[in-house]
Each structure stands twice: as C-alpha cells, then as structure tokens.
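Structure, as structure tokens:
Here the structure is a predicted model, which means the values were calculated and not measured.
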Amino acid sequence: MKKETIPHVGELLTQYFEEHRTYKSALARVLKKHKSVILHYQKRSTLQFRILWELSHALEHNFLQDLADHLPSEYTTNAVREALRDEEVERLQGELNLAKAQITMLYDIVMGKKELPKGE
C-alpha cells in the first residue's frame with residue numbers, strides 16, 4: 001500500500017471560510033462553542049468525524065465529500081456515483097421516449113388516423 005499525503009483538515013476549513021466569507025464568531029454561536037474552538041479546528045491537521053459532521057450541517061457544506069475527493073477515484077464506495085446516475089437517467093429517458101411514441105401510435109390507430117403496420 002502506497003502512503004498518500006493526508007489532507008490537512010484545518011487548512012480545508014480555512015480555505016472554505018475564506019472563500020465563503022464565513023464569520024467564525026457566527027459559526028461558533030451556531031455550534032454553541034467559543035470562537036477559540038473554531039480557531040483551534042483550523043490549526044488541527046485532523047478532526048473527529050463528529051466535528052466534521054456538525055460543521056457540515058452548520059454550514060450546509062459536505063466537508064466529508066471534500067475529504068473523499070482526495071482519495072483515488074478507483075476506490076470503491078457504497079454511494080451512487082453521479083456518472084452512473086446520469087447513465088441511468090439517460091437510459092430511462094430513452095425508455096420513456098419509446099413508450100411515448102408507442103402510445104401515440106396506438107392512439108392514432110385506435111382513433112383511425114393510422115393503419116396497423118403491415119406484417120403485424
């Protein structure tokens with residue numbers, strides 16, 4: 001197993017705070033913590049899962065996904081990948097379009113606008 005560089009969670013938080021102009025005092029109030037706790041989080045290279053979970057909910061941002069994005073894409077997961085989801089949507093859209101065309105044809109046949117195709 002090749003040793004990978006572990007992302008610095010505090011730097012990830014600092015980057016988010018800067019990009020989104022997050023006031024640490026306001027975040028501390030939401031989390032019911034002292035502002036110094038938030039500053040401490042920014043200095044830490046690692047944080048407990050619970051803390052990341054609380055920060056994600058407080059800021060409505062998925063920090064866990066940010067960390068997961070540092071892992072190689074070939075790693076397995078139980079989550080549905082967006083690309084697979086898009087493929088499934090495309091497949092279902094094709095089936096829907098076919099069904100709509102068949103319904104239209106059947107309607108036209110029933111209403112006498114078209115005749116049944118020969119050989120059927």
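- Interatomic distance, CG of Leu52 versus CG of Asn62, reported as 10.0 Å (0.5 Å rounding).
- The shortest non-hydrogen separation linking Pro7 to His70 is CG-CG, 3.5 Å.
- The NZ atom of Lys100 sits 13.5 Å away from atom CD of Glu95, with the distance rounded to the nearest 0.5 Å.
- Side-chain contact check for Arg44 versus Thr46: some heavy-atom pair is nearer than 4.5 Å.
- For the pairing with Leu13, the side-chain contact (heavy atoms from CB on, under 4.5 Å) check across Leu59, Leu47, Ile51 returns one residue only, Leu47.
- Between the His34 side chain and the Ser36 main chain, a donor and an acceptor come within less than 3.5 Å of each other.
- For the pair Lys33 and His40, the minimum side-chain heavy-atom distance is 4.5 Å or more.
- The hydrophobic clustering, which links ILVMFWY residues whose side-chain heavy atoms are closer than 4.5 Å, places Leu12 and Leu64 together.
- Following chains of ILVMFWY side-chain contacts shorter than 4.5 Å, one can reach Leu55 starting from Phe49, so the two form part of one hydrophobic cluster.
- Here the closest non-hydrogen pair linking Val30 and Ala58 is CG1-CB, 3.9 Å.
- In this structure, the separation between CD1 on Ile103 and CG on Asp108 is 12.0 Å, given to the nearest 0.5 Å.
- Contact of the Asp66 side chain with the Tyr16 side chain is not registered, since no non-hydrogen atoms from C-beta on lie closer than 4.5 Å.
- Within the model, atoms NE2 of His20 and CD of Glu60 stand 11.5 Å from one another, a figure rounded to the nearest 0.5 Å.
- Atoms OH and CG, from Tyr41 and Leu27 in turn, are 9.0 Å apart once rounded to the nearest 0.5 Å.
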Yes or no on side chain to side chain contact (heavy atoms under 4.5 Å, CB included) for Leu31 and Val37, after CA distance, side-chain angles and deciding distance? CA-CA 10 Å; Leu31 294 173; Val37 172; over 6 Å; no
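- Summarising the local packing, CD of Glu90 is surrounded by 12 or fewer heavy atoms from other residues, nucleotides or ligands at distances under 6.0 Å.
- In this structure a side-chain-to-backbone donor-acceptor pair under 3.5 Å is missing from His61 to Phe63.
- Between Glu87 and Arg91, none of the side-chain N atoms (NZ, or NE/NH1/NH2) sits under 4.0 Å from a carboxylate O, so this pair counts as no salt bridge.
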